[in-house]
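First the structure, in the form of structure tokens, and then the observations on it.
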Amino acid sequence: MIAKVIVDVPAQQTDRLFDYRIPPEWEEVVKPGMRVVVPFGPRTIQGFVIEIAESSSHNKLKKISNILDVIPVLTQELLELGEWLTDQTLSFKISAYHVMLPAALRAKVKKEVVLKRDPASFDMALQAAFGKSDRLNWDVLTKEHASLVRLVQTYIQEGVLDLEYVVVDKGNKKTERVLRLAAEGESEEELLRHLSARAAKQREVISFLYNQKNPIKTNELLRIVETTRATITPLLKKGLLNETEEEVYRDPTEGLDIQETKPLELTEKQAAVIAPILKSLESEVHEPFLLHGVTGSGKTEIYLQAIDRTLKDGKEAIVLVPEIALTPQMVNRFKGRFGSKVAVLHSGLSMGEKYDEWRKIHRDEVKVVVGARSAIFAPFKNLGIIIIDEEHESSYKQEENPRYHARDVAMFRGRYHQCPVILGSATPSLESYARAKKGRYTLLPLTERVNNRAMPEVNVVDMREELRAGNRSMFSAALLEKMQERMDRNEQTVLFLNRRGYSTFVMCRDCGYVATCDHCDISLTYHRSQNQLKCHYCGHEEAMPTVCESCGSEHIRFFGTGTQKVEEEIARVLPSARVIRMDVDTTRKKGSHERLLTSFGKGEADILLGTQMIAKGLDFPNITLVGVLAADSMLHIPDFRASERTFQLMEQVSGRAGRHELSGEVVIQTYTPEHYSIELVKSHNYEAYFEMEMAQRKHAGYPPYFYLTLINVSHPEITKVIGVTEKITSFLKREFSDETVVLGPTASPIARIKDRYRYQCMIKYKNEPKLVNTLREIQQHYLKEMNQGQLNISIDLHPYLFM
Ligand code: ADP
Ligand code: ZN
Ligand code: ZN
């Protein structure tokens, strides 16, 4: 038998199947989707078995040297998905398979076969291999008892044995010392005979361990027996006890107060929206839905009830939530409804914890996974529904190879399992809403908040006016007054400061004018070193103006402040205010995010000041005021989605106010109050916003009317970067049809990272049949240089990041 293997070498030459002979004793063991170790040139490396074949066209085949799994880690579906992903993202197959699996599977691990329960009859040879222990090292098994692997596989399937990974997960892991009795088969009496009659505490320790039968954490034992380490040291020396350092798998929601919840009776509007979803579940046909529901319209309750139906049908559910919204509050809503059937996957977990959650899914111990982007690859076999909340979030796009979008993967899996995929958002992406309008997604509108609670009133404050009135503070008079009011009434305020892209653009403080490129309709970026403004789409350059082109004012300069500065300012203008600041600096430590939010929820502060991370998921009844300090900082980043992101963010932030009994109010400070992405937040009018933005996109030739592809080139030498990018650009221009536009070469908005210069080239097209092949040709052409030298070329087929 032959195994066709993708080897773990991410390179073009190795991006194909290699044939290996399966040793006869493993012919029944090896299955597609398992990891194996194979000889490759002078080395041995890991690989994935993709297919099993009877024969090979090569005749001198090498043998698989070891196997790493007994149950495939990739299902047939995921193997096909990997194939598809490779084509969609122009990445290597090996990268596509790796992205589907927890990192722990790649780390250095010690694997052990563990006896879980006593079997009715245990194979003699296997028993001999285990000896007296209940654990058997995997390498010992595969190297010295290769013929027993098949049997082990059967026992694992029956639950008699299990394969455990002892993750060597440096940096992130939490370990604890664990004690167990060293000798087995000795009675308590025999054990105690080794000790002096006066060593009371030592005897107690031995007796305790003997009767408890299982290993115990050292600290716990010391506490129970009420003694110190001095007691066990001699026991370790005498060889009566063994102490090991073991990783403890923490429950990621440990310590959270999870309230069990029951399904709510749906409102009429909710019932109308869930009906087509339930119908799709029942008929078992794939259907994509776009649930467009304003903040607080009860989308989450719909997700919960749709999942409930799915579980009752014996199927599984995937729920994607943006990383930033994976707050304990959000997780609790799912755990509260489905309890231990829920696995949670997010980046705050250690490698071991992630692996643990993944394994619960892999072994069918859970039915629901709630997680960030990569949870879309959860290895469920009987998937019944996929939900993507806040579907417009750009974090669903992975910004490294393979550059996939979770939404596309969701659709693939939805088709594969013939199940519904629900995209939910208060502010859908233009792409999704356009598809819904065309009928490619079924649109499910939910236009009112539950129980007709009012949407918060939005005040837009013109900061140019403030300046004219002599107010140079970062708080407008209106915002300051409202903050004061909240303090008087013991209500809470959320202050939002967007820091992304700050100080890259230049703005007139008098009239709000921002320089944009005449050719591309995006903001020009300021380059300090040359004191110049540059367009990062087409390369256009102009000198930094000294006076505003629009009004002649000299107040034209960078834009931006940090949260720390805001905190200082609050201390000056509202000295008695208690402030919690949440940004990358205050949330670096694990758990601090939750801690700060809990504290705010308990009313321990009047003001929550933060960046992006407070825009989502916050649901506290006492928040009645939301202030946005500078709506413009998002509006002018050099990205054609800048306006869309601004509108989405403003709506999102507004949604934090007045979610419960108390009504909410929002103050948005801006230098461009007339911009439609800010103006339309006042009326919460998504539809009108969509129409305006679509007209812009059509005019400037951006998605969803056109497709984009971004090629990024980097190298330590600037001449090299420019040279390569120029070559690529002119090659593309030659190859592509006349309707396709190739922009560049131009410096990337961040022109240098870690001493590597960065240039880019952008392709705009409607229909370019030669696209993929031409891009593959470029990859092929620079292959050697990329493998051996410093050159890097990245190709992004549907870019979301233009930095
Ligand atoms: P969204 O996800 O659209 O922002 P949520 O699902 O968070 O909205 O709902 C907003 C609030 O309304 C929550 O506090 C939720 O418990 C409540 N809610 C949702 N559906 C119902 C219902 N059918 N009856 C009563 N309250 C509901
Ligand atoms: Zn331009
Ligand atoms: Zn001006």
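First listed ligand is number 1; within each ligand, the first listed atom is number 1.
The Zn ion (ligand 2) lies under 2.8 Å from an N, O or S atom belonging to C517.
For a threshold of 3.5 Å applied to N or O pairs, the pair formed by T300 and ligand 1 contains at least one separation below that value. For a threshold of 3.5 Å applied to N or O pairs, the pair formed by G293 and ligand 1 contains no separation below that value.
Distances from the Zn ion (ligand 3) under 2.8 Å pick out these protein N/O/S atoms: C508 SG, C511 SG, C548 SG, C551 SG.
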### Task
Using the side chain to side chain contact (heavy atoms under 4.5 Å, CB included) rule, take L797 and Y707 through it: C-alpha gap first, then chi angles, then the decisive distance, then the call.
CA-CA 8 Å; L797 282 171; Y707 295 108; over 6 Å; no
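The six-membered or imidazole ring of F334 lies away from that of Y303, with a centre-to-centre distance of 6.0 Å or more.
In terms of heavy atoms, C508 sits closest to C511 at SG-N, 3.3 Å. Across all non-hydrogen atoms, the minimal contact from M544 to I556 is CE-O, 4.2 Å. Of all heavy-atom pairs spanning C761 and L732, the tightest one is SG-CD1, 3.9 Å.
Shortest contact from atom 21 (C) of ligand 1 to any protein heavy atom: L264 CD1, 3.4 Å. Summary of contacts: the protein heavy atom closest to atom 20 (N) of ligand 1 is Q270 NE2, 3.0 Å. Atom 13 (C) of ligand 1 has its closest protein heavy atom at R333 NH2, 4.3 Å. With hydrogens left out, the protein atom closest to atom 19 (C) of ligand 1 is V450 CG2, 3.6 Å, a heavy atom. Looking from atom 24 (N) of ligand 1 to the surrounding protein, the closest heavy atom is E265 O, 3.7 Å. In terms of protein heavy-atom proximity, atom 4 (O) of ligand 1 is nearest to G296 N, 2.8 Å. Closest to atom 11 (C) of ligand 1 among all protein heavy atoms lies R453 NH1, 4.5 Å. Looking only at protein heavy atoms, the nearest one to atom 8 (O) of ligand 1 is G298 N, 3.0 Å.
At most 12 heavy atoms of other shown residues, nucleotides or ligands fall within 6.0 angstrom of atom CD in E554. Annotation: F736, atom CZ; neighbour count of heavy atoms from other residues, nucleotides and ligands within 6.0 Å is above 12.
Interface atoms of ligand 1 facing E301, defined by a heavy-atom separation under 4.0 Å, are 6 (O), 20 (N).
With sequence neighbours left out, the salt bridge (charged side-chain N to carboxylate O under 4.0 Å, His left out) criterion links E287 to no other residue.
Under the 6.0 Å distance and 45° angle rule, K764 counts as a cation-pi partner of Y702.
Checked for salt-bridge contact, E282 and K279 miss the test: no charged N lies under 4.0 Å from a carboxylate O.
In this structure, Y686 and F647 have tilted ring planes: the angle between them lies in the 30° to 60° band. Using a 30° and 60° split on the angle between ring planes, F620 and F600 fall in the perpendicular class, above 60°.
The backbone of V294, and not its side chain, has at least one atom closer than 4.0 Å to an atom of ligand 1 (non-hydrogen atoms only; backbone = N, CA, C, O).
In this structure, the side chain of Q305 does not engage the main chain of P263 through any donor-acceptor pair within 3.5 Å.
Within a 4.0 Å radius of atom 27 (C) of ligand 1, the protein contributes at least one heavy atom.
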